[in-house]
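This one's a predicted model, so the numbers in the text were calculated from it and none came from an experiment. Here, residue 1 is the first one in the sequence, and each next residue gets the next number.
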Amino acid sequence: MAAGTGTEEAALGYEQARDELIEVVRRLEAGGTTLEESLALWERGEELAKVCRERLEGARARLDAVLAAEQEGEDGEG
């Protein structure tokens with residue numbers, strides 16, 4: 001399995017990366033792969049986990065910004 005490029009990773013949405021990561025984990029847990037295949041799967045899994053983490057951090061930042069804006073609006077109304 002070839003590792004994705006930065007462009008491919010940037011194009012992946014959270015759900016796509018999560019689903020592919022689940023498949024990678026399933027294949028690793030099932031065994032029956034060569035050492036090289038297992039290493040390639042592991043590396044891809046690490047890349048996918050990074051994409052998921054970045055997407056979640058971005059969503060959290062957006063949510064925090066909205067909540068902070070709402071809080072400022074409430075504080076300014078009194």
Side-chain angles (χ1 to χ4, degrees):
M1 174 176 282
T5 64
T7 304
E8 289 172 354
E9 290 170 6
L12 280 178
Y14 171 79
E15 290 82 4
Q16 289 173 301
R18 181 203 58 213
D19 291 347
E20 188 177 341
L21 180 56
I22 290 168
E23 179 62 19
V24 165
V25 170
R26 187 196 63 73
R27 289 181 62 193
L28 284 169
E29 287 178 342
T33 56
T34 66
L35 178 58
E36 280 300 312
E37 290 169 333
S38 294
L39 288 173
L41 284 168
W42 179 270
E43 290 169 350
R44 182 62 178 157
E46 289 290 329
E47 293 168 0
L48 293 165
K50 179 181 175 187
V51 170
C52 290
R53 196 168 36 252
E54 288 171 351
R55 297 289 182 269
L56 288 172
E57 288 170 356
R60 179 176 295 279
R62 289 172 50 198
L63 180 59
D64 288 346
V66 169
L67 292 174
E70 286 180 359
Q71 185 66 35
E72 286 178 18
E74 290 175 6
D75 290 344
E77 291 180 8

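Applying the side chain to side chain contact (heavy atoms under 4.5 Å, CB included) rule to Glu15 yields the partners Arg18; only residues at least two apart in sequence or on another chain are considered. Among residues two or more places apart in sequence or in another chain, the side chain to side chain donor-acceptor pair (under 3.5 Å) test is passed with Arg26 by Glu23. The side chain to side chain donor-acceptor pair (under 3.5 Å) check on Glu70 picks up nothing, with sequence neighbours excluded.
By the rule that hydrophobic residues join a cluster once side-chain heavy atoms approach within less than 4.5 Å of another member, Leu28 and Val25 end up as members of one cluster. Ile22 and Val24 are assigned to two separate hydrophobic clusters, defined by single-linkage of ILVMFWY side chains at heavy-atom distances under 4.5 Å.
Counting heavy atoms from C-beta outward, Leu48 and Leu12 have side chains that approach closer than 4.5 Å.
Taking every heavy atom of both residues into account, Val51 and Ala17 meet most closely at CG1-CB, 3.7 Å. In plain terms, the two heavy atoms of Thr33 and Ser38 that are nearest each other are OG1-OG, 2.6 Å.
With respect to Arg44 and Glu20, a salt bridge is recorded, a charged nitrogen being found less than 4.0 Å from a carboxylate O.
Atoms CG and CD, from Asp19 and Gln16 in turn, are 8.5 Å apart once rounded to the nearest 0.5 Å. With rounding to the nearest 0.5 Å, the separation of CZ in Arg55 from CD in Glu57 is 11.0 Å. From Glu46, atom CD reaches atom CG of Leu21 across 9.0 Å, with rounding to the nearest 0.5 Å.
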